[in-house]
**Q** 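This structure is in structure tokens; I'll ask about it shortly.
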Amino acid sequence: MRNSVSLGAARALLVIAGLSAAVALVCGLGWLTASRRSVPSIDELSDDDRRLLVTAMLDTSPGVFRPVPFDPRVGYTLKPNQQIDDWNDSFVSNDLGYRSAPARKDPGVFRVVFVGDSWTFGLGVSEAEAFPRQVEELARRYSGVSQPIEAWSLALPGYNMLNETAALSAFSDLLEPDAVVFCPTSNDVDSGHGVLSNGSLSRAQMLVDEFGLNVPIAFHSLFLNSHLYLERWREGMEQVGELSRRFRGRGVPFLLFFTGRWVESLAHELVNTAEIDAPYIITPDELSSMSWRNPPPFYHPTPEAHREYAGLIYRGLGPELGWAPLPDGLARAEVPVHRRLLQERDWRGPCLEDLAAHVAESIEETFVPSSDQSLQVCSGIDLRTGMMRRSAMILIRKSDTTRRLLLKFRRAQGVDWIYPVDVSVTIPGPKGPARATWTIPARGPEPLEFTVDLPGGISGGEAVEVILEAGGVAVTSTDLQSATVHLVSVTQG
């Protein structure tokens, strides 16, 4: 009998098997939903289901990308000047490798450059339906400006904050923007992606995290109160602040549009900490809910949502450019346009309170590998077996009284020759990281138990990143995955 497996379960298997880490980022909430269900093994899939699995991978990360060798910080672009029929659209990439107009600006054109990731790109909708072009259409109709206005989308699926700022720096002289709209989303502090030989994306284990870790990670769009998470946001926003000051020094208006799902107090705190003197808008929760998103496999905004975003951006950018107000009903007047210098509130306290509430809902105080613990795995752990690859990162929530963690391991079967192997743990903290290294012997009783003290400065209720790295790795014969040890559990003591 044919063993039928749903598309959602196949996509979850794709993530867990490590065939393409790009799916985890591009599918977003779809991956999170699927990963909570029962996950089959590859051996349980029929031939039809395996083909479905590969099709899902190529739908979300088609072979249309190329690396950027002259500036690795940018990461990648589309293959330039190529016909692309993917993501529910058919278009020809431009000379720089983006879904936009040619890089050279025509004389007399007023160009607004939009910088972002898959939300700004418009994953799952056509280029004409995405909000950059929708802002262009609104400006042409209602701005009262006779000068031709062009929206230029410097955005690609999978970009993070550092890819985005690097791309804006690298291409700004070519693009000659007259205004910039920078669009952070909640997963913009995840590790970036590399380009595989077939032109698709992968967050492979050998890639270096742009934010300085040896472990590529994805936070699954979680909002965390951890030291590492907030430091990554501060680093990215500091670069945004530097760019905003550079452009405004040239007389180029700069707008921040926090798109996707956001904790409002976090957005305020990031702007304040980076001292960004530019108008900014935070997308309301309603407009990032599933009712405003396309169905699988994309889970990104609908054309209607993009039109709503365009109205918000026009309201924020229009006064900077002398555009006439939009007619009533074309933009949500109740959504405020903020400025840091007009605020009197200190946002740090409310921000930490809001983040703590999110952590309490999503992160547990212990970790035992299972499909129910998917939000606690940022990379490198097979949820079915607890098998750790060369490196991994998990999340736990610190209890009020704990001072140390207890980690339990088992050896991987069938790869005895890699032992003894060293396994090191790093736990970041505001007063410096805690580190320890243990040796997994070739023989002896199991599980093997090790303790590590938590670093100072971490309070109860905070998320804690536990980063694991092994000194050696093997490939198992059963599922061709890299293997080091089985992580049995992480508890607090």
Side-chain angles (χ1 to χ4, degrees), residues 77-78 84 87-106 109-143 145 147-159 163-165 167-168 171-172 174-185 188 240 243 247 252-260 278-281 283 287-288 292-294 298 300-318 320-321 323 326 330-331:
T77 66
L78 301 173
I84 296 175
W87 302 305
N88 281 346
D89 196 15
S90 179
F91 63 97
V92 177
S93 57
N94 65 20
D95 48 331
L96 286 185
Y98 291 90
R99 187 172 71 162
S100 201
R104 183 181 296 276
K105 185 170 67 173
D106 290 337
V109 167
F110 187 93
R111 174 175 283 176
V112 182
V113 173
F114 292 78
V115 187
D117 62 5
S118 54
W119 285 66
T120 306
F121 176 87
L123 194 71
V125 302
S126 70
E127 186 267 340
E129 292 171 317
F131 68 74
R133 277 289 299 276
Q134 291 295 310
V135 173
E136 176 185 301
E137 290 301 314
L138 289 175
R140 286 178 175 175
R141 292 185 182 184
Y142 303 110
S143 68
V145 176
Q147 183 180 13
I149 297 170
E150 176 188 76
W152 210 98
S153 182
L154 190 64
L156 282 177
Y159 268 12
N163 299 139
E164 294 157 10
T165 54
L168 183 56
F171 298 127
S172 61
L174 288 173
L175 298 179
E176 302 179 85
D178 297 295
V180 174
V181 181
F182 199 97
C183 309
T185 61
D188 275 357
V240 174
L243 286 169
F247 281 107
V252 177
F254 197 98
L255 174 73
L256 269 172
F257 179 57
F258 289 89
T259 189
Y280 64 98
I281 299 170
T283 301
L287 294 180
S288 62
W292 291 88
R293 298 198 198 186
N294 282 315
F298 300 116
H300 277 62
T302 61
E304 293 77 16
H306 280 278
R307 287 195 288 272
E308 294 282 350
Y309 299 161
L312 296 178
I313 292 169
Y314 185 105
R315 284 189 53 238
L317 198 59
E320 301 284 305
L321 304 178
W323 293 351
L326 288 175
L330 290 181

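Residue numbers count from 1 along this sequence.
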**Q** For the residue pair Pro132 and Trp152, establish whether any side-chain heavy-atom pair is separated by less than 4.5 Å.
**A** no
**Q** Nearest heavy-atom pair of Leu243 and Leu168: which atoms, and what distance?
**A** CD1-CD2, 3.9 Å
**Q** Can you list the residues that meet the side chain to side chain donor-acceptor pair (under 3.5 Å) rule with Ser90, with sequence neighbours excluded?
**A** Gln83, Asp85
**Q** Could you report the tightest heavy-atom contact between Glu320 and Pro253, atom names first, then the distance?
**A** CB-CB, 4.0 Å
**Q** Could you tell me which residues satisfy side-chain contact (heavy atoms from CB on, under 4.5 Å) with Ile84, sequence neighbours excluded, listed by chain and number?
**A** Val64, Leu78, Gln82, Asp86, Trp87, Phe91, Ser93
**Q** Is there side-chain contact between Pro148 and Phe110, with heavy atoms separated by less than 4.5 Å?
**A** no
**Q** Run the ring pair (Phe, Tyr, Trp, His ring centres under 6.0 Å) test against Trp292 and tell me which residues pass, sequence neighbours left out.
**A**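 Result, ring pair (Phe, Tyr, Trp, His ring centres under 6.0 Å) vs Trp292: none returned.
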**Q** Could you check whether any side-chain heavy atom of Val181 comes within less than 4.5 Å of a side-chain heavy atom of Val113, counting everything from C-beta outward?
**A** no
**Q** I'd like to check the side chain to side chain donor-acceptor pair (under 3.5 Å) partners of Asp178; sequence neighbours left out, ordered by chain and number.
**A**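 Side chain to side chain donor-acceptor pair (under 3.5 Å) check on Asp178 returns Lys105.
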**Q** Quick one: salt bridge (charged side-chain N to carboxylate O under 4.0 Å, His left out) pairs with a partner in residues 111-122, sequence neighbours left out?
**A**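 Applying salt bridge (charged side-chain N to carboxylate O under 4.0 Å, His left out) to every pair that reaches into residues 111-122, excluding sequence neighbours, yields Arg111-Glu150.
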**Q** When the aromatic ring centroids of Phe114 and Phe257 are compared, is their separation below 6.0 Å?
**A** no
**Q** Could you check whether any side-chain N or O of Thr165 sits under 3.5 Å from a backbone N or O of Val240, counting only pairs where one atom can act as donor and the other as acceptor?
**A**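 It does not hold such a pair.
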**Q** Might you point out which heavy atoms bring Cys183 and Thr120 nearest each other, and give the distance in Å?
**A**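 It is CB-OG1, 3.2 Å.
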**Q** Ignoring hydrogens and geometry, is there a side-chain-to-backbone donor-acceptor pair from Glu136 to Ala151 under 3.5 Å?
**A**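 A pair under 3.5 Å: yes.
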**Q** Check whether Asn94 reaches the backbone of Gly97 with its side chain - one donor and one acceptor, N or O, closer than 3.5 Å.
**A** yes
**Q** Distance check, rounded to the nearest 0.5 Å: Thr185 atom OG1 versus His300 atom NE2?
**A**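 Here the interatomic distance stands at 7.5 Å.
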**Q** Does the Ser118 side chain pair with the main chain of Pro157, one donor and one acceptor, at a distance under 3.5 Å?
**A**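 Judged by distance alone, no pair lies under 3.5 Å.
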**Q** Kindly give the heavy-atom pair with the smallest separation between Gly158 and Asn163, and that separation in Å.
**A**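 The pair with the smallest heavy-atom distance is O-OD1, 4.1 Å.
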**Q** Is the closest basic N to carboxylate O distance between Arg133 and Glu129 below 4.0 Å?
**A**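 Salt bridge flag = no for Glu129 with Arg133.
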**Q** Got a sec, which residues hit side chain to side chain donor-acceptor pair (under 3.5 Å) with Asp89, two or more places apart in sequence or on another chain?
**A**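 In terms of side chain to side chain donor-acceptor pair (under 3.5 Å), with neighbours along the sequence ignored, Asp89 is linked to Arg99.
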**Q** With a 4.5 Å heavy-atom cut-off, do Pro301 and Val125 have their side chains touching?
**A**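 Side-chain contact under 4.5 Å: no.
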**Q** What are the two closest non-hydrogen atoms of Ala331 and Leu326, and how far apart are they?
**A**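 It is CB-CD1, 3.8 Å.
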**Q** The criterion is side-chain contact (heavy atoms from CB on, under 4.5 Å); which residues satisfy it with Ala139, sequence neighbours excluded?
**A**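 For Ala139 the side-chain contact (heavy atoms from CB on, under 4.5 Å) partners, ignoring immediate neighbours, are Ser143, Ile149, Tyr314, Trp323.
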**Q** Excluding sequence neighbours, so at least two apart, what forms side chain to side chain donor-acceptor pair (under 3.5 Å) with Thr77?
**A**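 Per chain and number, Thr77 pairs via side chain to side chain donor-acceptor pair (under 3.5 Å) with Arg66.
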**Q** Show the numbers, then the answer: is there a side-chain contact (heavy atoms from CB on, under 4.5 Å) between Phe182 and Leu255?
**A** CA-CA 6 Å; Phe182 199 97; Leu255 174 73; over 6 Å; no
**Q** Filter on side chain to side chain donor-acceptor pair (under 3.5 Å), then keep only pairs touching residues 303-313, sequence neighbours left out; what's left?
**A**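 Applying side chain to side chain donor-acceptor pair (under 3.5 Å) to every pair that reaches into residues 303-313, excluding sequence neighbours, yields Thr302-Glu304, Glu308-Arg332.
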**Q** Kindly write out the residues that satisfy side-chain contact (heavy atoms from CB on, under 4.5 Å) with Asp95, not counting sequence neighbours, or none if the list is empty.
**A** Asn81, Pro102, Ala103
**Q** Mark yes or no for whether Asn294, through its side chain, and Phe298, through its backbone, hold a donor-acceptor pair below 3.5 Å.
**A** no
**Q** Under the side-chain contact (heavy atoms from CB on, under 4.5 Å) criterion, do Leu175 and Leu96 qualify, and how do the steps go?
**A** CA-CA 10 Å; Leu175 298 179; Leu96 286 185; 4.1 Å; yes
**Q** Run the side-chain contact (heavy atoms from CB on, under 4.5 Å) check on Ile281 and Phe258 step by step: do they pass?
**A** CA-CA 6 Å; Ile281 299 170; Phe258 289 89; over 6 Å; no
**Q** Quick one: closest heavy-atom pair of Ser153 and Tyr98, and the distance?
**A** O-CB, 3.8 Å
**Q** List for me each residue that meets salt bridge (charged side-chain N to carboxylate O under 4.0 Å, His left out) alongside Arg141, sequence neighbours excluded, and say none if there are none.
**A**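 For Arg141, no residue satisfies salt bridge (charged side-chain N to carboxylate O under 4.0 Å, His left out) once neighbours in sequence are set aside.
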